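First up is the structure itself, then whatever we jot down about it.
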Amino acid sequence: PIPISTSGIPHEIADLATSSTLASWRAPQTVLTIEFEARGSRLHARFTASTDTRIEWPLTGGTALDALILPEGAGLYVPLDDAAWRARLADYCAPVSGGLHMPFWSYRAGVRTLTYFVESDLRSELCLRDRGGRIGADLVHEFQARDGKRIHEIDIGFGEGSPIAPALEYRARLDAAGNFPTLARK
């Protein structure tokens with residue numbers, strides 16, 4: 001198994017509700033309502049905050065993963081245990097909206113990719129950290145009332161093994177939603 005997030009701070013759970021495709025609960029001390037929903041082959045996470053707050057989730061990386069794929073510049077393929085990359089990317093943070101060319105990051109996991117699409121990229125930042133000689137990527141999100149709804153959503157799933165597979169999937173998602181502009185529209 002490949003964990004989608006390393007362990008974080010345990011929280012009290014209230015109002016747990018489950019079905020065959022959905023689990024939801026409140027974490028009273030964090031002012032969050034959390035939902036995880038299976039959508040086909042993907043896992044959709046939704047966090048709703050009742051007040052302004054900040055979360056760090058998911059905390060990603062791990063020994064089952066081989067390389068980090070970042071949509072920065074022409075694209076980066078970073079072996080997680082490479083000392084030169086760890087030194088270059090130590091404490092690197094980028095806003096998901098504008099700092100990365102596309103709102104996702106991915107890992108090479110054997111013959112597949114594991115991709116995290118950030119659907120609420122405003123006030124989200126991806127931070128790279130050295131975790132015992134391996135690179136990890138953590139998503140930090142700030143909920144603010146002035147942005148309207150305090151909702152944060154992430155879509156997680158496995159894809160094809162090519163390093164460009166996450167970018168192709170992102171393009172297909174835009175196209176399916178009618179948000180990929182044709183040359184004629186440009």
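Small disclaimer: the values here were computed from a predicted structure and weren't measured.
- Closest approach of Tyr116 and Pro3 over heavy atoms only: OH-O, 4.3 Å.
- Considering OG1 of Thr6 and CZ of Arg131, their distance stands at 4.5 Å, rounded to 0.5 Å.
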*Given Ser124 and His141, is the side-chain hydrogen bond (donor to acceptor under 3.5 Å, both in side chains) satisfied, shown in steps?*
CA-CA 4 Å; Ser124 291; His141 181 79; 2.7 Å; yes

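- Asp130 contributes atom CG, which lies 10.5 Å from atom CG of Leu89 (distance to the nearest 0.5 angstrom).
- Contact of the Pro79 side chain with the Asp66 side chain is not registered, since no non-hydrogen atoms from C-beta on lie closer than 4.5 Å.
- Between Phe36 and Phe47, the ring planes lie perpendicular to each other; the angle is over 60°, past the 30° to 60° tilted range.
- Annotation: Arg171, atom CZ; neighbour count of heavy atoms from other residues, nucleotides and ligands within 6.0 Å does not exceed 12.
- Across all their heavy atoms, Ala64 and Ile2 have their closest contact at CB-CG1, 3.9 Å.
- Residues Asp91 and Arg129 are not paired through a salt bridge, judged by the lack of any N-O separation under 4.0 Å between the basic side chain and the carboxylate.
- Within the structure, the disulfide (SG to SG under 2.5 Å) test picks out the following pairs touching residues 61-163 (sequence neighbours left out): Cys93-Cys127.
- Hydrophobic clustering (ILVMFWY, side-chain heavy atoms < 4.5 Å, transitive): Met102 and Leu76 are in distinct clusters.
- Using a 4.5 Å heavy-atom cutoff, the side chains of Ser5 and Trp57 are in contact.
- For Phe117 and Phe104, the gap between ring centers is short of 6.0 Å.
- Inspection of the Thr60 and Tyr107 side chains reveals an N or O donor paired with an N or O acceptor under 3.5 Å.
- With a 6.0 Å radius and a threshold of 12 heavy atoms from other residues, nucleotides or ligands, Glu56 has its CD atom above the threshold.
- Tracing side-chain contacts under 4.5 Å through hydrophobic residues (I, L, V, M, F, W, Y), one never reaches Val140 starting from Val31; they form parts of separate clusters.
- Counting only distance, with no hydrogens or angles, the side chain of Arg112 and the backbone of Leu114 share no donor-acceptor pair below 3.5 Å.
- In this structure, the separation between CZ on Arg134 and CG on Asp81 is 5.5 Å, given to the nearest 0.5 Å.
- Leu59 and Ile55 are assigned to two separate hydrophobic clusters, defined by single-linkage of ILVMFWY side chains at heavy-atom distances under 4.5 Å.
- Atoms CZ and NE2, from Arg39 and His44 in turn, are 4.0 Å apart once rounded to the nearest 0.5 Å.
- At least one donor-acceptor pair closer than 3.5 Å links the side chain of Arg86 to the backbone N or O of Gly133.
- For the pair Glu72 and His101, the minimum side-chain heavy-atom distance is 4.5 Å or more.
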Contacts under 3.5 angstrom, residues 12-19 side chains, donor-acceptor by atom type, not counting sequence neighbours:
residue: Asp15; atom: OD2; partner: Arg26; partner atom: NE; Å: 2.6
residue: Asp15; atom: OD2; partner: Arg26; partner atom: NH2; Å: 3.2
residue: Ser19; atom: OG; partner: Thr21; partner atom: N; Å: 3.4
residue: Ser19; atom: OG; partner: Leu22; partner atom: N; Å: 3.2

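- Within the 4.5 Å cutoff, side-chain heavy atoms of Leu70 are placed close to those of Leu126.
- The shortest distance between side-chain heavy atoms of Ile156 and Thr115 does not fall below 4.5 Å.
- In this structure Ser162 satisfies the side-chain contact (heavy atoms from CB on, under 4.5 Å) test together with Ile164, Ala165, sequence neighbours excluded.
- Salt bridge status for Glu125 with Arg54: absent, with no side-chain N to carboxylate O gap under 4.0 Å.
- The minimum heavy-atom distance linking Ile69 with Pro71 is given by the pair O-CD, 4.1 Å.
- Asp138 CG to Leu128 CG: the interatomic distance, rounded to the nearest 0.5 Å, is 8.5 Å.
- Taking both residues in full, the closest heavy atoms of Ile34 and Ala27 are given as CD1-CB, 4.2 Å, listed atom of the first, atom of the second, then distance.
- By the 6.0 Å and 45° rule, Arg150 does not stack over the aromatic ring of Phe143.
- In this structure a side-chain-to-backbone donor-acceptor pair under 3.5 Å is missing from Arg108 to Leu65.
- Of the inter-residue distances, the one linking Ser24 atom OG with Arg46 atom CZ reads 11.5 Å to the nearest 0.5 angstrom.
- For the pair Leu122/Asp147, a side-chain contact is recorded, criterion being any heavy-atom separation below 4.5 Å from C-beta on.
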*Could you walk me through whether Ile154 and Glu119 pass the side chain to side chain contact (heavy atoms under 4.5 Å, CB included) check?*
CA-CA 6 Å; Ile154 306 164; Glu119 296 188 4; over 6 Å; no

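- By the 4.5 Å heavy-atom criterion applied to side chains, Gln144 and Arg123 are counted as neighbours.
- Using a 4.5 Å cut-off on side-chain heavy atoms (C-beta onward), His152 and Val118 make contact.
- Side-chain rings of Tyr170 and Trp105 stay apart, their centers remaining 6.0 Å or farther from each other.
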_Audit row: Arg146, Asp52, salt bridge (Lys or Arg N to Asp or Glu O under 4.0 Å) steps and yes/no_ = CA-CA 9 Å; Arg146 68 180 182 202; Asp52 291 357; over 6 Å; no

